[in-house]
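One structure below.
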Amino acid sequence: MIRTLKDTTSSDVDKELAKMREETGIRTLGRVLTLVIMADMGHSERAIEAAIAASHEHPCRIIVHISHDPKAANRLDAEASMGGDAGASEIVVLRGWGESAHASESLIAALLLPDAPIVAWWPHSLPDCPADHSIGRIAHRRITDSARAEVPWDSLNELRKRYTPGDTDLAWTRLTLWRIQLAAVMDEPQKHRINKVIVEGSEKSPSVLLLGTWIGYRLGATVEIRESPQPRGLYRVTLCRDDGEVTIYRPGRNIATLSIPGSADQQIALPVRSLAECLAEELRRLDPDEVFGEVLNEALSRSEVRFTQGSAPVPAGDPSDYTEVYDA
Amino acid sequence: MSAPQDSNPLRDPQDRRLTRVAGPSALVLFGVTGDLARKKLLPAIYDLMNRGLLPPRFALVGFGRRDWSDDDFRAQVREAVENHARTPFREDVWNQLTAGIRFVQGAFDDAEAFGRLKETLEELDKTRGTLGNHAFYLSIPPNAFEAVCTQLAENGLASSEQTEGWRRVVIEKPFGHDLESARELNEIVESVFPADSVFRIDHYLGKETVQNILALRFANEMFEPLWNANYVDHVQITMAEDIGIGSRAGYYEGVGAARDVIQNHLLQLLALTAMEEPIRFDAEYLRDEKAKVLAAVTLPDDLESYSSLGQYAGGFQGGEEVKGFKEEQDIPSDSRTETFAAIKLDINNRRWAGVPFYLRAGKRLGRRVTEIAVVFKRSPNLLFRENSYEEFGQNAIVIRIQPDEGVTIRFASKVPGTQMELRDVSMDFGYGHSFTESSPEAYERLILDVLLGEPPLFPRHEEVELSWKILDPFEKYWGDHGVAPEEYAPGSWGPESAHRLLARDGRAWRRP
């Protein structure tokens, strides 16, 4: 069920939602959080799709604010949907002009679920300081995506400077499966010291840098980041031990090869994660991710990181199997 | 066991995104052709692999009588996975699994075959790098345990003293059919494997909602103060199935609902509902608390009145004609096996004295449901005495285990538009919504826990013994007095005697 309201106010939208619930009989409010998406014009669809998919795991109210011309006369349009395509969520898409082009607490307050956590998500742009943003301030978690920004590494640097507990970034979330596999390798007793870590992937991917600094910081090893000349996401991590190299290499999007000195190569499932999977993981925890904070605050500034131009081999195979630059 | 974890610099207790992947290991499956293996175990192994939770150095060895090659077995596994796995089938993940699949042909008492099994595992340790970590999953009838355990021991497969790695054994319910047989069975298994290497699978305990009982009770402040004899009137634990026994006659005949379900699932649910708060979530503490409360269970003096046995009759259920139990395939027409059982138990401790726990389990009942209902005492009702007493009843917290996992709270509310009419309303929390659509199968969690060596969800032998001590007197009474199960209509909620059981105490079963 979809209702469109032109030139409206958020309190009218709230009334409309109540009416829709009455009519459809969808009365139980099993919603666990409010997700506020601050999207750029023309970029909201993928974010909404991912949010709907994630809502199956975390039923929520999704408020999407799309900012239009701030210089135009003030106006707010809204579209509310429930049931059917909305998945397990209620979606309110707000389009704002003029004063309403700025997402703020006062604009959306009437639509926030009572007493439920708020998660703010900027799928594309980065606010100057997420925690100072009007909605960022009231949010329990602030999700940014430095990979989608114009200059990803700069965004990461901005994030570092303004880090507040509760901030998180999807460039970090994309790494979880890599980190799980690396931690599993290190679960076995290590007889040899790891001196150096080499991480290879696109120079445009903040994930590459985050992974490098995380391992380097944890292992007390120097980190070399090899920037691939081809636009590919993270594809190889090498731990250099005295007895040889431990490598996880994923040429495509799904299967990686794990090589450990003294044993045969093994295949592991290491799929590129979708936006929906990353978002669902973010919504699983609403307290600050201290490890991410540590990577930003400590590791990023202290790790010994060296950048080199790699001459990565062109991964053979189907181009549809290639990763995007920001993938991890 | 946890030492390498603790010393792993990449691990941090605060880093909760890092789920643990099982270490290199081989899983040896006995009983590969069984229903359980095809529908649950093999698909669960694939699903774990697909989720990246199995190690790359993983091997799966089937052991059975069939004259299969490795490739025949691979085809069987693939078929089971394609038909029953929860996650989509992916060729590349499958290829990863398939390289480590072996089949060893032989009978359970065939020494030579176990010799070949040993060679196979040694080969896998070398080529697949499984490091001598072997788990043996006995998905076989208990009467074959002895043969298998003896062979494993004689071929040096059960002990890891001489070699690297760990050895674990997984056994499924039923853990015996009474206290004595449970002890015998345990002696057989524990004579070969050390106690902490024995994993008893009760797949119910792998369910998210069962684990949620602990969260509901101990992570909240508003329930626990009421969770005692001061406020609770009684507790009902129900596990109902709407289907008959199907093709499981061979297993079911002579066992019955009490041994099949009450002894394990329902008493575990009782233990989790009634136990005190463990000081930590570790296996040891959790099991201690469960054992304590099971040991405090007392039986009613009048075993006849406070138990009920039933057997489903034929008839129409929900629009289709169904067979009675005695007409089921391979069931003798004079069978006295019960398909429904209900009992009353008391827990003689400070928290629960005087609060009866009613347990019932059965087949061909109204609908498929497993739930725990904690029913509170009636309010003194001074203020609302004009109301007819039946209109609103007792508050209740119902923990629905399956399906439609969640929690319902029932309380009285004013009927709108009336002067002061009251009625019971329900407030629902649907777990299914708040959790992923594809929440992991219980077996995935349990198999992973076996490979990780994490025992909290597995009952230990002491709990099995205590459970039999609770059920045995009932079974003995029913046997000695020739209590015949009473017929009940399919789709009903059990025989008359079950309703009398509660009526005697001035109570009634909830309609789940």
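Every chain is numbered from 1 and lettered A, B, ... according to where its sequence line falls, protein lines coming before strand lines.
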Can you tell whether the side chains of [X] and [Y] come within less than 4.0 Å, N to carboxylate O?
X	Y	answer
B:Arg445	B:Asp449	yes
A:Arg218	A:Glu294	yes
B:Glu122	B:Lys126	no

Using atom types as modelled and distance alone, determine if a side-chain donor or acceptor of [X] lies under 3.5 Å from a backbone N or O of [Y].
X	Y	result
A:Thr144	A:Thr168	yes
A:Arg142	A:Pro165	yes
A:Glu298	A:Leu296	no

Derivation of the salt bridge (Lys or Arg N to Asp or Glu O under 4.0 Å) call for A:Arg174 and A:Glu277: CA-CA 9 Å; A:Arg174 290 191 184 94; A:Glu277 283 168 309; over 6 Å; no

What's the spacing between A:Leu300 CG and A:Thr213 OG1 if we round to 0.5 Å?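 Rounded to the nearest 0.5 Å, the CG-OG1 separation comes to 5.0 Å.
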
Counting heavy-atom pairs under 4.5 Å to chain B, which of [options] comes out on top?
options	answer
A:Leu258, A:Asn254, A:Asp287	A:Asn254
A:Gln267, A:Glu281, A:Arg285	A:Arg285
A:Leu270, A:Leu219, A:Ile260, A:Ile215	A:Leu219

Which residues in residues 89-98 of chain B have any heavy atom lying under 4.5 Å from a heavy atom of chain A?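 Only B:Arg90, B:Asp92, B:Val93, B:Gln96 of residues 89-98 of chain B have a heavy atom under 4.5 Å from chain A.
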
Between B:Pro56, B:Ala22, B:Gly23, B:Pro24, which has the largest tally of heavy atom pairs under 4.5 Å with chain A?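 Going by pairs under 4.5 Å, I would pick B:Pro56.
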
Select, from B:Gln14, B:Arg17, B:Arg57, the one with the greatest count of heavy-atom pairs under 4.5 Å involving chain A.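 Top count of heavy-atom pairs under 4.5 Å with chain A: B:Arg17.
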
Using non-hydrogen atoms only, which part of [X] is less than 4.5 Å away from chain B: side chain, backbone, both, or neither?
X	answer
A:Trp178	neither
A:Leu182	both
A:Gln181	side chain
A:Arg284	neither

Any non-hydrogen side-chain atom of A:Leu239 less than 4.5 Å from a side-chain atom of A:Met186?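 Yes, side chains in contact.
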
Relative to chain A, which segment of B:Met49 carries a heavy atom at a distance below 4.5 Å: side chain, backbone, both, or neither?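 The backbone, not the side chain.
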
Pick one of side chain, backbone, both or neither for B:Leu131, based on which atoms fall under 4.5 Å of a heavy atom in chain A.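 Side chain only.
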
Exercise: do B:Ser197 and B:Arg167 side chains pair donor with acceptor under 3.5 Å: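 Short answer, no.
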
With salt bridge (Lys or Arg N to Asp or Glu O under 4.0 Å) as the test, would you mind laying out the steps for A:Arg236 and A:Glu245 before giving the verdict? CA-CA 12 Å; A:Arg236 185 173 12 224; A:Glu245 292 180 346; over 6 Å; no

